[in-house]
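Scroll down for the structure; my scribbles are underneath it.
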Amino acid sequence: MKNTVTSLQQMKRDGEKISMLTCYDYSTARLIEESGINAILVGDSLGMTMMGYSDTLPVTVDDIIHHCASVSRGLKDTFLVADMPFMSYQTSVYDAVKNAGRLIKEGHAQAVKLEGGATVVEQIRAIVNADIPVVAHIGLTPQSINAFGGFKVQGKNIDRALQIVEDAKAVEAAGAFMVTLECVPEELATLISNELTIPTIGIGAGNGCDGQVLVYQDMLGMFSGFKPKFVKHFANIGEEMKRAFKEYDAEVKSKAFPAEEHNFKIDEEVMREVRRVTSKKGLSLAGEDERKMA
Ligand code: KIV
């Protein structure tokens, strides 16, 4: 079944959970498509997972377009959302609509996601008026890391909790068709999910949300070291990749790879002629027997 804005909203009404993963390349997109996941987010997390930055702030609209267009070529039924990177919509409503348009036209996304609540409702309204579906993102908004003073759970005191509820209502009223809740306490996220008519997609926001999103390298266990509390490793692909890389290295060095079955064959007659000609010209391709004869 093709996933669309309306089918995702219908899933909330039917009480069916929505699955979403980040993705940044064609071959992973094909695997996710074949797995039946409902939606993909080409997140600005690609700045950290694919480009090695320490946060998402340096990511550009061109970076997202490059990755989103690659992902789109691997998809058929999965809904594709592109993240609006830092300073691509905060600067003005005009910039917001122009950059959202680029993500649709050049990145082939079906919707855009932007961070912020009540402070970005003008941008959300304008993008929606341009017929571009918007996913909002509230709670922990990583583009505000410098203002927040780090990656911290949001909404733990009364003021901040009420602010997040207000943000959720504001983005829904502005026309967002879905909203991401990041690092919000479970009970608060559940309350918001019950209050809103649009689906909530949680990351570190508990099971009361209408769906879940994870960074795919996190859930596959591709990064060793730090594991956020809300991440579950569904596989240990990082260890498996390292094992395969090490085995390849050892087999290249021991000459076990490539083996007979990996080699291409040539007619002995053709090869004899190649050896004869190259040995005449004194080229290093000459076979042992030809060299002896010379
Ligand atoms: O950029 C991203 O991957 C995100 C998810 C963490 C929701 O915004």
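Counting starts at 1 for both ligands and their atoms, following the listed order.
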Exercise for the section: Decide, yes or no, whether a salt bridge links E260 with K265 under the criterion of side-chain N to carboxylate O below 4.0 Å. Expected result: yes

Handout entry: Under-4.0 Å salt bridge between E268 and R275
Key = yes

Exercise for the section: Consider only side-chain N and O atoms of N236 and E240, and report whether a donor and an acceptor are under 3.5 Å apart. Expected result: no

Exercise for the section: Could you tell me whether Y94 atom OH has more than 12 heavy atoms of other residues or ligands within 6.0 Å of it? Expected result: no

Measure from every N or O atom of ligand 1 to the protein's N or O atoms and keep only the pairs below 3.5 Å, writing each with atom names and distance to 0.1 Å.
unit_1, atom_1, unit_2, atom_2, d
ligand 1, 1 (O), D44, N, 3.2
ligand 1, 1 (O), D44, OD1, 3.0
ligand 1, 1 (O), S45, N, 3.0
ligand 1, 1 (O), S45, OG, 3.3
ligand 1, 1 (O), D83, OD2, 3.1
ligand 1, 3 (O), S45, OG, 2.5
ligand 1, 8 (O), K113, NZ, 2.9

Exercise for the section: Would you verify whether the NZ or CZ of K227 falls within 45 degrees of the ring axis of F223 while also being under 6.0 Å from that six-membered ring's centre? Expected result: no

Handout entry: Polar contact flag, side-chain donor to acceptor under 3.5 angstrom, N207-E186
Key = no

